[in-house]
Amino acid sequence: MSERPTIEQYQKFIQERDFHVFRCKKCGAMIAPPKGVCYSCGSNELEWAKVSGRGKLISFTVIHVAPEQFKDEAPYFVGIVELEEGTRVTARLLGLDPDQPEKVQLGMPLRLDYETGQTGRMYLGFRPA
Ligand SMILES: [Zn+2]
């Protein structure tokens with residue numbers, strides 16, 4: 001894949017359960033969520049990269065009062081996950097009980113998964129590894 005990465009395609013990969021991030025061709029930094037320029041060196045020479053799907057939990061919150069479109073899915077976890085490759089993404093946390101947030105540990109290893117929401121839209125998710 002040599003085409004220039006776009007945010008539209010980033011979303012499309014998630015819908016296809018085939019998560020990709022941007023990689024800076026200049027400094028090698030992994031970039032997700034996507035921006036037009038590298039976070040680290042400001043270069044706009046970006047390409048697609050696959051990630052291992054392994055990461056760890058940095059922070060999380062339980063959503064009890066969700067936006068209208070996610071109302072029926074609440075409560076659910078949203079977490080910030082640091083990928084092995086160094087970039088951080090916001091994603092649903094799966095396989096954990098939102099009524100027992102005290103059981104969730106920061107730093108716990110997670111692996112990439114996906115979840116289909118009630119609208120049929122696919123979300124990036126992570127579950128305990
Ligand atoms: Zn860079």
Side-chain angles (χ1 to χ4, degrees):
M1 256 179 311
S2 59
E3 86 264 36
R4 197 179 155 72
T6 61
I7 290 168
E8 292 69 31
Q9 183 62 40
Y10 176 88
Q11 297 294 352
K12 194 156 170 275
F13 275 134
I14 293 173
Q15 297 309 307
E16 292 166 354
R17 302 173 71 97
D18 188 22
F19 183 51
H20 282 65
V21 302
F22 292 7
R23 178 170 50 214
C24 174
K25 286 188 185 174
K26 230 173 168 179
C27 74
M30 296 290 205
I31 301 162
K35 288 225 191 300
V37 296
C38 174
Y39 301 147
S40 157
C41 75
S43 167
N44 61 4
E45 298 275 303
L46 305 174
E47 63 185 356
W48 288 113
K50 286 285 278 181
V51 291
S52 68
R54 287 189 292 272
K56 65 178 180 189
L57 187 61
I58 298 298
S59 74
F60 69 91
T61 185
V62 179
I63 306 294
H64 287 284
V65 181
E68 187 61 27
Q69 67 198 112
F70 305 133
K71 213 175 52 174
D72 296 340
E73 297 169 27
Y76 56 84
F77 283 104
V78 172
I80 296 176
V81 180
E82 183 171 284
L83 301 178
E84 198 174 60
E85 290 80 7
T87 189
R88 292 180 177 188
V89 293
T90 302
R92 296 278 185 104
L93 299 182
L94 311 173
L96 296 164
D97 182 355
D99 292 325
Q100 296 186 300
E102 67 280 2
K103 291 199 173 161
V104 179
Q105 291 182 334
L106 296 182
M108 71 193 290
L110 299 169
R111 66 179 168 79
L112 177 64
D113 198 355
Y114 302 87
E115 184 182 51
T116 309
Q118 296 195 347
T119 58
R121 189 179 165 81
M122 192 76 72
Y123 303 112
L124 209 51
F126 281 82
R127 62 176 67 249

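Remember, it's a predicted structure, so these values are computed and weren't measured experimentally. Below, each value reflects all heavy atoms present in this structure, side chains not excepted, and no hydrogens, waters or symmetry copies.
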Any side-chain heavy-atom pair of [X] and [Y] under 4.5 Å:
{"X": "Lys25", "Y": "Asn44", "value": "no"}
{"X": "Pro34", "Y": "Pro5", "value": "no"}
{"X": "Lys12", "Y": "Gln9", "value": "yes"}
{"X": "Gln15", "Y": "Arg121", "value": "yes"}
{"X": "Phe126", "Y": "Leu112", "value": "yes"}

Nearest 0.5 Å, what's the [atom1]-[atom2] distance between [X] and [Y]?
{"X": "Glu45", "Y": "Cys38", "atom1": "CD", "atom2": "SG", "result": "11.0 Å"}
{"X": "Thr6", "Y": "Gln11", "atom1": "OG1", "atom2": "CD", "result": "9.5 Å"}
{"X": "Glu47", "Y": "Arg23", "atom1": "CD", "atom2": "CZ", "result": "4.5 Å"}
{"X": "Phe22", "Y": "Ile7", "atom1": "CZ", "atom2": "CD1", "result": "6.0 Å"}
{"X": "Met30", "Y": "Leu46", "atom1": "CE", "atom2": "CG", "result": "12.0 Å"}

Honestly curious: do [X] and [Y] fall in one hydrophobic cluster under the side-chain, below-4.5 Å linking rule?
{"X": "Ile14", "Y": "Leu110", "answer": "yes"}
{"X": "Val78", "Y": "Leu124", "answer": "no"}
{"X": "Trp48", "Y": "Val37", "answer": "no"}
{"X": "Val81", "Y": "Leu106", "answer": "yes"}
{"X": "Met122", "Y": "Val51", "answer": "yes"}

Intermediate values then yes/no, side chain to side chain contact (heavy atoms under 4.5 Å, CB included), Ser43 and Cys27: CA-CA 8 Å; Ser43 167; Cys27 74; over 6 Å; no
Partner set under ring pair (Phe, Tyr, Trp, His ring centres under 6.0 Å) for Tyr123, not counting sequence neighbours: Phe70
Contacts of Tyr114 that satisfy ring pair (Phe, Tyr, Trp, His ring centres under 6.0 Å) - sequence neighbours left out: none
Evaluation steps, side chain to side chain contact (heavy atoms under 4.5 Å, CB included), between Thr61 and Phe77: CA-CA 6 Å; Thr61 185; Phe77 283 104; over 6 Å; no
Ring centres under 6.0 angstrom apart (Phe13, Phe19): no
Within 6.0 Å of NZ in Lys50, more than 12 heavy atoms from elsewhere: yes
Search all heavy atoms of [X] against all heavy atoms of [Y] and return the closest pair with its distance.
{"X": "Arg4", "Y": "Gly36", "answer": "NH2-O, 4.0 Å"}
{"X": "Pro101", "Y": "Phe60", "answer": "O-CZ, 3.7 Å"}
{"X": "His20", "Y": "Asp18", "answer": "ND1-O, 2.7 Å"}

Name every donor-acceptor pair, under 3.5 Å, that has one atom in a side chain of residues 83-100 and the other anywhere in the protein, sequence neighbours excluded.
from   : atom 1 : to     : atom 2 : distance (Å)
Glu84  : OE1    : Ser52  : OG     : 2.8
Glu84  : OE1    : Arg54  : NH2    : 3.4
Glu84  : OE2    : Arg54  : NE     : 3.0
Glu85  : OE2    : Ser52  : N      : 2.8
Glu85  : OE2    : Ser52  : OG     : 3.4
Thr87  : OG1    : Ala32  : N      : 3.3
Thr87  : OG1    : Ala32  : O      : 2.9
Arg88  : NE     : Glu82  : OE1    : 2.9
Arg88  : NH2    : Glu82  : OE1    : 3.0
Arg92  : NH1    : Glu73  : OE1    : 3.1
Arg92  : NH1    : Glu115 : OE1    : 3.2
Arg92  : NH2    : Glu73  : OE1    : 2.8
Asp97  : OD1    : Asp99  : N      : 2.8
Gln100 : OE1    : Lys103 : NZ     : 3.4

Residue pair Arg111, Arg127: steps toward the side chain to side chain contact (heavy atoms under 4.5 Å, CB included) verdict: CA-CA 6 Å; Arg111 66 179 168 79; Arg127 62 176 67 249; 3.2 Å; yes
Sidechain-backbone polar pair: His64 side chain, Val62 backbone, donor-acceptor under 3.5 Å: no
